Trainee: 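Provided herewith is a single structure, encoded as structure tokens, for subsequent inquiry.
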Amino acid sequence: MKQLLSLAMLGAALCAAPASRAQDSFHFGVIGHSFSGSPDEGVLRRALDESDADNLAFVVVNGIKSAAEPCSDALYTARRDLLKEAENGVIVSLASSDWVGCRNKNGSVAIERLNRVRDLFFPDEFSFGASKVPLFRQSVTPKFRSYTENARWEFGNVLFATVNLPAANNHFLQDGGRNSEFEDRLIANKDWLQRVFTFAAQKKLAGIVLFADGNPLAQPNQRPFLLRGQRDGFAETRQRIVTLA
């Protein structure tokens with residue numbers, strides 16, 4: 001089967017994309033990281049309002065807060081409630097700023113906050129919004145039951161999926177002995193990608209669209225933040241995607 005693979009890095013404010021086949025025609029929305037320049041949630045609210053005006057199959061939202069905003073339950077809950085108000089089905093794709101940089105007076109609380117975000121934003125098998133989109137989550141597999149953020153859904157003849165790949169070098173930390181979260185998620189994402197591609201092949205779907213915060217297909221020389229000798233946190237995922245595609 002000739003497969004079409006698209007990787008969405010979610011960098012635009014709002015865009016709509018049509019399906020490739022006329023007989024399966026539909027449009028979906030993508031709201032890129034609306035907090036990159038400001039913690040003002042009004043940008044996200046306006047983007048959701050714009051998408052509500054269109055009859056979209058679904059809307060994918062990347063990022064629920066800016067890095068400058070607190071990682072508090074109150075803020076997380078407020079953003080979740082905002083997404084619930086949408087007319088179209090809304091699927092969240094996590095961003096680095098949602099959890100990677102979270103700290104308290106004792107140091108990093110990234111993993112604890114990631115787990116809290118999972119509880120609040122991925123509670124069941126449906127999207128947010130009035131138009132519920134049924135989702136299949138990786139967490140149905142007992143070995144990966146905590147990875148509720150990785151989800152897939154079909155529309156038309158296309159398979160869509162989210163993959164938790166934070167833009168900050170995939171949350172790989174240079175300091176030795178501190179990468180248990182990265183290593184565990186690497187295994188989970190490898191399994192998830194395999195299942196996504198296998199499912200699409202078995203159903204003979206026309207294509208796959210992956211939504212991620214970071215761009216795993218970018219080569220190290222395209223990542224200006226990488227220091228000499230620093231490990232590329234996306235290397236294994238890039239190889240996996242290329243091999244499967």
Side-chain angles (χ1 to χ4, degrees), residues 7-16 28-52 58-86 88-123 127-129 147-151 162-174 178 181-182 185 210-216 218 222-226 233-234:
L7 182 70
M9 273 65 70
L10 304 172
L14 173 65
C15 66
F28 63 90
V30 177
I31 300 178
H33 203 294
S34 56
F35 304 102
S36 56
S38 168
D40 179 13
E41 89 169 13
V43 178
L44 174 60
R45 185 179 295 275
R46 288 191 295 273
L48 287 171
D49 288 343
E50 290 179 23
S51 69
D52 285 345
F58 58 85
V59 176
V60 175
V61 173
N62 176 232
I64 54 178
K65 77 176 199 68
S66 75
E69 291 180 295
C71 301
S72 65
D73 281 7
L75 185 140
Y76 287 147
T77 301
R79 297 288 155 79
R80 179 198 62 184
D81 293 345
L82 175 59
L83 298 179
K84 284 183 175 181
E85 296 172 3
N88 295 300
V90 173
I91 298 103
V92 174
S93 176
L94 288 183
S96 173
S97 59
D98 297 335
W99 61 279
V100 168
C102 294
R103 303 180 64 85
N104 61 18
K105 62 182 180 180
N106 297 318
S108 174
V109 291
I111 298 176
E112 187 274 332
R113 290 289 82 187
L114 172 59
N115 288 329
R116 184 56 176 152
V117 167
R118 286 166 168 164
D119 290 340
L120 290 172
F121 286 86
F122 314 107
S127 68
F128 291 128
Y147 293 88
T148 55
E149 70 272 25
N150 287 344
T162 56
V163 188
N164 187 359
L165 298 169
N169 201 26
N170 204 16
H171 195 218
F172 174 79
L173 305 175
Q174 281 295 97
R178 297 177 57 198
E181 189 283 325
F182 167 83
R185 185 164 42 79
L210 302 177
F211 296 96
D213 184 43
N215 179 7
Q222 297 173 297
R223 304 182 192 280
F225 59 84
L226 281 180
F234 294 106

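The structure displayed is predicted, hence computed values, not measured ones.
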Trainee: From Ser51 OG over to Arg46 CZ, what is the distance, rounded to the nearest 0.5 angstrom?
Mentor: 13.5 Å
Trainee: How far apart are the closest heavy atoms of Ala67 and Ser97, and which atoms are they?
Mentor: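 Shortest heavy-atom contact: N-CB, 3.5 Å.
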Trainee: Drop me the distance from Arg185's CZ to Asn164's CG, to the nearest 0.5 angstrom.
Mentor: 5.0 Å
Trainee: Testing the basics here: between Thr162 and Ser93, what is the closest heavy-atom pair and its distance to 0.1 Å?
Mentor: CG2-CB, 4.2 Å
Trainee: Minimum heavy-atom separation for Leu165 and Ala212, please, with both atom names.
Mentor: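 For Leu165 versus Ala212, the nearest heavy atoms are CD1-CB, 3.9 Å.
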Trainee: Find the distance between CH2 (Trp99) and CZ (Arg113) and round it off to the nearest 0.5 Å.
Mentor: 13.0 Å
Trainee: Assess Arg118 against Tyr147: is NZ or CZ under 6.0 Å from the centre of the six-membered ring, and within 45 degrees of the ring's axis?
Mentor: yes
Trainee: Who are the salt bridge (Lys or Arg N to Asp or Glu O under 4.0 Å) partners of Arg103, not counting sequence neighbours?
Mentor: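 Salt bridge (Lys or Arg N to Asp or Glu O under 4.0 Å) check on Arg103 returns nothing, list empty.
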Trainee: Testing the basics here: between Ala168 and Ser96, what is the closest heavy-atom pair and its distance to 0.1 Å?
Mentor: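 So the minimum-distance heavy-atom pair works out to CB-OG, 3.4 Å.
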Trainee: Checking Glu112 now: which residues fulfil salt bridge (Lys or Arg N to Asp or Glu O under 4.0 Å) with it, not counting sequence neighbours?
Mentor: none
Trainee: Measure the CG-CG distance between Leu83 and Leu120 for me, rounded to the nearest 0.5 Å.
Mentor: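 Interatomic distance, Leu83 CG to Leu120 CG, rounded to 0.5 Å: 11.5 Å.
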Trainee: Do the non-hydrogen side-chain atoms of Phe121 and Arg79 ever get within less than 4.5 Å of each other?
Mentor: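 A side-chain contact exists here, since the closest heavy-atom pair is under 4.5 Å.
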Trainee: Can you tell me how far the OG atom of Ser72 sits from the NZ atom of Lys65, to the nearest 0.5 Å?
Mentor: 8.5 Å
Trainee: Starting at CG of Leu114, measure out to SG of Cys71 and round the result to the nearest 0.5 Å.
Mentor: 11.0 Å
Trainee: Looking at side-chain heavy atoms only, is the closest gap between Ile31 and Leu44 below 4.5 Å?
Mentor: yes
Trainee: Would you mind telling me which of Asn62, Val30, Val163 makes a side-chain contact (heavy atoms from CB on, under 4.5 Å) with Phe211?
Mentor: Val30
Trainee: Identify the two heavy atoms, one from Asn170 and one from Phe182, that lie closest to each other, and give their separation to 0.1 Å.
Mentor: O-CD1, 3.2 Å
Trainee: Minimum heavy-atom separation for Tyr76 and Val117, please, with both atom names.
Mentor: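 What the structure gives for the nearest pair is CZ-CG2, 3.5 Å.
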